[in-house]
Amino acid sequence: MSAQPNAGFAREASRQILAGGSAGLVEICLMHPLDVVKTRLFGFYKGVLPPILAETPKRAVKTFAIAGLGSGLTEAIVVNPFEVVKVGLQANRNKFTEVPGNPHECALQAQPSTMSYARHIIKTEGLGLQGLNKGFTATLGRHGVFNMVYFGFYYNVKNIIPVNKDPTLEFLRKFGIGLLSGTIASVINIPFDVAKSRIQGPQPVPGQIKYRTCFKTMATVYQEEGFLALYKGLLPKIMRLGPGGAVMLLVYEYTYSWLQKNW
């Protein structure tokens, strides 16, 4: 008698994993260039592999969890090493060196691959909070706050605004709620994002670590650059996570609906 309920649970779990994973993959592929813009205006798809490796399973797991703080903190533990590699690759500008024997010509240095850069971090800085897991507390704050606002807002507003029988209007309803959810969550959590980028990115003076911990980094940025500096990169972040939030939820809901009918 217990075989049928177990089979039903496994099928439902598979549907949600496939729908959530698809949502994360599509959202990253579409919106990754704007994530790079947030770090710097160059090389739109540099560092795309780490977020794909992290986001696809992350979104799949998130669909099981209660939307909010707990899921954000959990996913931060998983994605932080990928974030360290991603930020490092995005911030790594192309460098030129003189061609031997011809000081008037320069050659472009090859950029490291994702795996070689990750191995370099582990070899030189280790796996700890100063190496592959630096910026861990800032990542916890970024993901925890974002998910708490994003999912809390989405599910509350979704229940308030009635479902529309017209497919086009229903699509716009879901897109609008997802867009607004991603935008509001981005505005609220960006100070954590700024701190994370400062900690994980290149330090102002090579060889000297200025940005170490989340809240100390926020305080340093505020004292030296002013309040608005905590909101640097807000526009490209909203441009990415506003539509990205809408895309992710739409892909999830329509993929899950298709799987329910066909699998």
Side-chain angles (χ1 to χ4, degrees), residues 24-25 27-29 31-58 72 75-97 107-143 146 186 189-218 220-221 225 229-230 232-234 236-237 239-241 244:
L25 180 61
E27 189 265 341
I28 278 294
C29 290
M31 309 310 297
H32 181 74
L34 291 171
D35 190 46
V36 180
V37 170
K38 181 168 64 69
T39 304
R40 63 180 180 85
L41 295 172
F42 190 83
F44 282 175
Y45 276 93
K46 178 179 287 188
V48 71
L49 182 58
I52 284 179
L53 292 175
E55 289 286 332
T56 302
K58 182 187 78 176
E75 73 178 17
I77 297 172
V78 177
V79 305
N80 191 66
F82 295 97
E83 286 290 319
V84 172
V85 175
K86 183 195 74 172
V87 171
L89 287 172
Q90 289 177 349
N92 184 20
R93 296 179 182 274
N94 291 321
K95 297 179 181 180
F96 293 86
T97 56
L108 182 64
Q109 291 182 349
Q111 294 297 308
S113 67
T114 297
M115 292 306 298
S116 64
Y117 187 68
R119 287 195 297 267
H120 170 74
I121 294 174
I122 295 172
K123 182 178 179 180
T124 58
E125 300 173 340
L127 295 169
L129 297 179
Q130 298 302 320
L132 199 61
N133 273 292
K134 61 184 173 182
F136 180 64
T137 54
T139 303
L140 286 175
R142 185 182 80 153
H143 286 262
F146 183 89
S186 298
N189 90 322
I190 192 171
F192 291 96
D193 206 358
V194 169
K196 185 188 79 70
S197 296
R198 297 292 182 98
I199 296 168
Q200 294 178 344
Q203 298 294 309
V205 179
Q208 297 181 15
I209 300 178
K210 180 178 182 179
Y211 304 114
R212 289 183 179 273
T213 62
C214 177
F215 292 104
K216 188 175 180 179
T217 297
M218 288 184 188
T220 300
V221 172
E225 304 173 39
L230 292 172
K232 282 184 177 179
L234 179 60
K237 181 180 174 71
M239 290 173 63
R240 175 186 180 269
L241 290 176

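Reckoned from all heavy atoms, side chains included, excluding hydrogens, waters and symmetry mates.
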Does V87 reach the side chain of K196, with side-chain heavy atoms less than 4.5 Å apart?
yes
Do T137 and F192 have side-chain heavy atoms sitting under 4.5 Å apart?
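In short, these two side chains do not touch, never coming nearer than 4.5 Å.
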Measure the CD-CG distance between E225 and L230 for me, rounded to the nearest 0.5 Å.
8.5 Å
Measure the NZ-OG1 distance between K134 and T139 for me, rounded to the nearest 0.5 Å.
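Those atoms lie 11.5 Å apart.
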Could you report the tightest heavy-atom contact between [X] and [Y], atom names first, then the distance?
| X | Y | result |
| --- | --- | --- |
| V85 | A118 | CG2-CB, 3.9 Å |
| L140 | I77 | CD2-CG1, 4.4 Å |
| A138 | I199 | CB-CD1, 4.4 Å |
| S113 | L89 | O-CD2, 4.4 Å |
| V84 | Y117 | O-CE2, 4.4 Å |
| N189 | K237 | OD1-CE, 3.0 Å |

Anything under 3.5 Å between a donor and an acceptor, one on a side chain of residues 208-218, the other on a protein residue two or more places apart or in another chain? List them.
unit_1: K210; atom_1: NZ; unit_2: E224; atom_2: OE1; d: 2.6
unit_1: K210; atom_1: NZ; unit_2: E224; atom_2: OE2; d: 3.4
unit_1: Y211; atom_1: OH; unit_2: R198; atom_2: NH1; d: 3.0
unit_1: T217; atom_1: OG1; unit_2: T213; atom_2: O; d: 2.6

Under the 3.5 angstrom rule, does the side chain of N133 hit a backbone N or O of L127 as a donor-acceptor pair?
yes
Verify side-chain contact (heavy atoms from CB on, under 4.5 Å) between K232 and V221, making sure each step is shown before the conclusion.
CA-CA 11 Å; K232 282 184 177 179; V221 172; over 6 Å; no
Pairs in or reaching into residues 118-130: which pass side-chain hydrogen bond (donor to acceptor under 3.5 Å, both in side chains), with residues at least two apart or in two chains?
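Every pair satisfying side-chain hydrogen bond (donor to acceptor under 3.5 Å, both in side chains) with a residue in residues 118-130: there are none.
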Could you go through V78 and H143, starting from their C-alpha distance and side-chain angles, then the distance that decides it, and tell me whether this counts as side-chain contact (heavy atoms from CB on, under 4.5 Å)?
CA-CA 11 Å; V78 177; H143 286 262; over 6 Å; no
